[in-house]
Structures are given as C-alpha cells and as structure tokens.
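Below: one structure, written as structure tokens.
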Amino acid sequence: MAARVLVLGGDGYLGWPTALAFSAQGHRVAVVDNFAKRRWELELGVRPLFPISTLHERVRAWRELTGREIELHVADLTDYDAVVSIMEGFRPDAVIHYGEQPSAPYSMIDVRRATYTQHNNVIGTLHVLFAIRDHSPETHLVKLGTMGEYGTPNIDIEEGYLTVTHNGRTDTLPYPKLAGSMYHLSKVHDSNNLHFASRIWGLRVTDLNQGVVYGVETDETALDPRLATSFHYDEVFGTALNRFCVQAAIEHPLTVYGKGNQTRGFLNIRDTVQCVDLAVNNPAAPGEFRVFNQFTEQFSVLELAERVREAAAHLGWSVTVEHSENPRKEAEDHYYNAKHSKLLELGLQPHPLSEELIDTMLGKIAANRDRIDPDTLVQGVRWVPRRNPEPGPQPA
Ligand code: USQ
C-alpha cells in the first residue's frame with residue numbers, strides 16, 4: 001500500500017536518494033530542506049564532486065523522467081510553525097529525519113559551529129517530536145542517529161540497550177554513550193529526547209545508529225546527471241572511504257589520521273536506502289523506541305586506505321598511504337565489536353565492499369577529476385586547539 005513519506009533533509013547526500021527510492025516504489029513523497037548544507041559549502045569554500053542541480057530542478061527532472069511527483073517544502077526545522085504546517089498538511093505515515101548538521105569536523109571548528117550544530121539538531125528534532133505528538137500522533141519517526149554515539153567502549157556494543165546486573169538486580173537500560181565530537185553529542189541528546197517521547201507520549205520511534213556511509217550513487221540517482229547526489233570529499237564534509245577514493249583519483253597521498261587502527265562500522269549508500277526502507281515498512285509500535293545499528297561491515301581506517309591503494313594500483317595509479325598526526329582526539333588502538341543483526345533480521349541484503357565496487361567508485365570519480373579541489377582535502381580542523389605551541393627551530 002502506498003505510504004505518505006516525509007523526508008527531512010531531502011536535499012542531502014542521503015536524503016535525496018532516499019526520497020527518490022520511496023517515490024520510485026510508488027509512495028507519496030514530500031521533501032523538506034532549508035538548504036543549510038549549500039550555505040555551509042559556501043562558508044567553507046567547498047563543493048560536492050558532481051555538479052548538483054537545485055532541488056527544484058532535481059524534482060522537475062524526476063517528474064520528467066518518471067512521471068512521479070515529489071512535493072517540495074523549503075523550511076527550517078528550527079521554525080516550529082513551519083514544521084507544524086507541513087505535518088498538518090501532509091499527515092505522513094512516516095517521517096525520515098536526516099535534517100541535521102552531519103559533520104563532526106564542522107562541529108569542532110569553533111564555539112559558533114558547535115552551538116549551531118547542537119541547537120540546529122536538537123531543537124529541530126524536538127520540534128519534529130512535538131509536531132508529531134500534537135498533530136499526527138500515529139506517524140512513525142525514523143531518525144538518523146550515529147554509531148558514534150557509543151564511542152569505542154572496551155565491551156561489545158549492543159543495539160541501543162544493555163542488560164546490567166548491579167548489586168543483585170537486573171535491568172535493561174540505554175547503552176552508555178561516549179560521543180567523540182560535538183556533532184556526535186547532538187545525536188546523543190536527540191536519542192534521549194526520542195526515547196522520552198516514546199516512553200512518555202507513546203510515539204512510534206526508530207533511531208538508526210548509522211555507521212560511516214560511502215558510495216557515489218544509487219539506482220535512482222544514476223538515472224540522470226540531474227539526479228546526482230551531493231558527494232563530498234573535503235576534510236569537513238567528506239567521509240573516510242569517499243575521501244580516499246577522491247585522493248586516489250588525483251594520486252594524492254591517502255590521509256590516514258594517526259596509525260589508522262580506528263575501527264568503525266561502514267555501509268554502502270545503497271544500504272542506507274535499504275535500511276530506511278525496512279524501518280519504514282516494519283514500523284515501531286506506539287510507545288516503542290527501537291534502536292538499530294545501521295552498518296554492514298567493520299573496517300579499520302588503515303584497512304580501507306590499503307583497499308583503495310590496491311584498487312588504484314590495478315588501474316596503474318601511483319598512490320601512497322600517508323600517516324599524519326591525528327587532528328581528532330580518538331582511541332587509535334581499541335576493541336570494537338558492534339552488534340548489527342536487527343536490520344538483517346528484517347531482511348537487509350548488504351552490498352559488501354568489493355574491489356569491483358571500489359573500481360566503480362574510482363571510475364566515476366576519475367571522470368570528474370577536473371572538479372577536484374586539492375586545497376580542500378586538508379582544512380586543519382583540530383579537536384584540541386594548539387595552545388602555546390612549542391617554539392619551532394630557531395634560526396642560527
Ligand atoms: N579519518 C582518517 N582520515 C580522513 C578522514 C577520516 O583517518 O581523511 C578517520 C577519522 O579519524 C575517524 C574515521 O576515519 O577515525 C571516520 O571518520 P569520518 O570522517 O569518515 O566519519 P565521522 O567523522 O565519524 O562521521 C561520519 C559522518 C557522520 C556519521 C558518522 C558515523 O560524517 O554523519 O554520523 O560518520 S560514525 O563514524 O559511525 O559515528
């Protein structure tokens with residue numbers, strides 16, 4: 001049965017492909033965006049690798065190609081009246097919430113970007129929760145969280161909850177959070193608010209703790225250049241594997257921070273779309289706060305860099321791996337074993353990272369090589385500012 005699906009952040013790297021995938025399946029789709037990402041790009045002097053049409057042009061191109069309509073709302077989630085008006089007008093069965101500032105480095109630039117990130121993300125999500133409670137209480141909220149909420153504890157990471165026995169009594173409680181950036185913390189705050197909204201108000205909520213996403217396209221975005229998704233490779237908005245592939249395409253050394261033993265969960269952008277689809281089609285019950293760990297494979301950063309280096313070598317490109325001082329404050333040698341079975345139980349068919357897949361990414365990226373701006377690969381955001389630096393070598 002066709003559902004009414006509202007995608008918040010529908011102009012973004014993941015929001016746009018998600019909107020297209022639901023529309024392609026015949027669901028009624030509306031997207032909301034305030035174009036903040038396009039402003040941050042201007043602010044930092046970066047741009048996505050592939051040329052990105054305006055959202056209006058993208059929606060028009062989709063209509064021309066498929067005859068399908070996507071409803072477009074330009075609105076800011078920190079404007080409560082706007083959120084209410086969209087919720088009342090569209091009455092979604094599901095809201096898929098990507099409408100947040102998604103970059104850890106952006107949130108660590110300075111106090112202005114840190115407070116902006118937490119205000120934008122936390123207040124926006126609170127507005128969505130109140131608007132659902134008061135205007136569309138049956139709506140299922142599917143919210144994008146992050147695996148980074150858990151940090152890297154020295155025990156297995158469970159999916160959202162941990163059963164603890166303390167002084168002879170046992171309870172199942174939210175899994176402890178150890179976020180590694182102001183951005184990741186904003187998602188922790190969101191998770192607490194989501195849990196509250198389902199416990200106290202009985203809302204249906206799924207929190208998708210997503211790993212690091214890679215990939216250049218989905219079936220729908222590949223149909224036409226006007227449908228391309230906003231793929232970043234710069235230090236602030238690019239994620240590890242995407243950055244390494246772009247670096248390889250211009251034979252720039254692969255920028256591994258520190259030893260590169262940092263291990264994370266990763267997934268293909270096609271699997272993001274699939275996971276969200278599974279969450280929407282198997283909704284949470286009223287009062288249920290579900291947490292799914294949304295990734296398909298674990299890799300260390302160094303393993304990823306080596307995989308890209310090897311694939312590039314097969315293409316005859318000469319690429320090296322360069323370890324630089326880690327600008328982030330994170331454990332480089334740590335235990336990491338995160339459970340991720342709930343989406344598989346719902347039917348997720350992962351697209352694992354293969355050499356063929358890296359080859360395809362490298363090919364698409366190389367075709368746009370002349371758009372790569374090497375100056376944005378390293379922008380110098382540090383988790384801990386250098387204070388009173390040691391005096392450098394003195395001239396004789
Ligand atoms: N890293 C490098 N070199 C680089 C870029 C990153 O060594 O050039 C390392 C980082 O130190 C880190 C790891 O790669 O250990 C991942 O960094 P990332 O920039 O790919 O991803 P991250 O900052 O963690 O954030 C990304 C998304 C965010 C999402 C998160 C999922 O931007 O929206 O929530 O991945 S997770 O990492 O599981 O928290």
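The first residue of the sequence shown is numbered 1, and numbering continues consecutively from there. Atom set for the values below is all heavy atoms of this structure, side chains included, hydrogens, waters and symmetry mates excluded. Indexing begins at 1, ligand by ligand and atom by atom, following the structure's order. Source: prediction; values computed, not measured.
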Which segment of K187 sits under 4.0 Å of ligand 1 when only heavy atoms are counted: neither
Could you tell me whether R38 and D33 have a side-chain N and a carboxylate O separated by less than 4.0 Å? no
I'd like to check whether G148 has a polar contact with ligand 1, where a contact means an N/O of the residue lying under 3.5 Å from an N/O of the ligand. yes
Checking a contact table here: which protein heavy atom is nearest atom 33 (O) of ligand 1, and how many Å away? P102 O, 2.7 Å
Quick check: are there more than 12 heavy atoms from other residues, nucleotides or ligands sitting under 6.0 Å from NE2 of H334? yes
The protein heavy atom nearest to atom 14 (O) of ligand 1 is V301 CG2, 3.3 Å
Region of A240 engaging ligand 1 - heavy atom pairs below 4.0 Å: both
Could you tell me whether R264 sits above the aromatic face of F295, with NZ or CZ closer than 6.0 angstrom to the six-membered ring centre and within 45 degrees of the axis? no
Does atom CZ (R39) have a neighbourhood of more than 12 heavy atoms from anything else shown, all under 6.0 Å? yes
In this structure, are over 12 heavy atoms from other groups packed under 6.0 Å from M182 atom CE? no
Provide the closest heavy-atom pair for V384 versus K329 in the form atom of the first, atom of the second, distance. CG2-CD, 4.0 Å
Please report which non-hydrogen protein atom sits nearest to atom 2 (C) of ligand 1, along with the residue it belongs to and the distance in Å to one decimal place. Y257 CD1, 3.2 Å
Looking only at distances, can you tell me whether any N or O atom of T146, backbone or side chain, sits closer than 3.5 Å to an N or O atom of ligand 1? yes
Looking only at N/O atoms, are T255 and ligand 1 under 3.5 Å apart anywhere? yes
Please table the atom pairs, donor to acceptor, closer than 3.5 Å between any side-chain atom in residues 170-180 and protein atoms at least two apart or in another chain.
unit_1, atom_1, unit_2, atom_2, d
T170, OG1, T165, OG1, 2.9
T172, OG1, T163, OG1, 2.9
Y175, OH, D156, O, 2.8

Which of the listed options, E235, K259, H184, holds the heavy atom that is closest to atom 25 (O) of ligand 1? H184
Of all protein heavy atoms, the one nearest atom 37 (O) of ligand 1 is V212 CG2, 3.2 Å
Does ligand 1 have any atom that is closer than 4.0 Å to a heavy atom of G211? yes
Quick check: T239 and ligand 1, any N/O pair under 3.5 Å apart? no
Report the part of E149 (side chain from C-beta onward, or backbone N, CA, C, O) that has a heavy atom under 4.0 Å from ligand 1; answer both or neither where that applies. neither
Would you tell me which option among R328, E322, Q210 has the nearest heavy-atom contact to atom 16 (C) of ligand 1? R328
Suppose we screen for side-chain hydrogen bond (donor to acceptor under 3.5 Å, both in side chains). Which residues come up paired with Y116, at least two apart in sequence or across chains? W40
Starting from atom 10 (C) of ligand 1, locate the nearest protein heavy atom and write down its residue, its atom name and how far away it is, to 0.1 Å. E330 OE2, 3.5 Å
Is the closest heavy atom of Y183 to ligand 1 under 4.0 Å? yes
Hey, are E41 and R47 close enough for a salt bridge, meaning a charged N less than 4.0 Å from a carboxylate O? no
Provide the closest heavy-atom pair for L302 versus K259 in the form atom of the first, atom of the second, distance. CD2-O, 3.8 Å
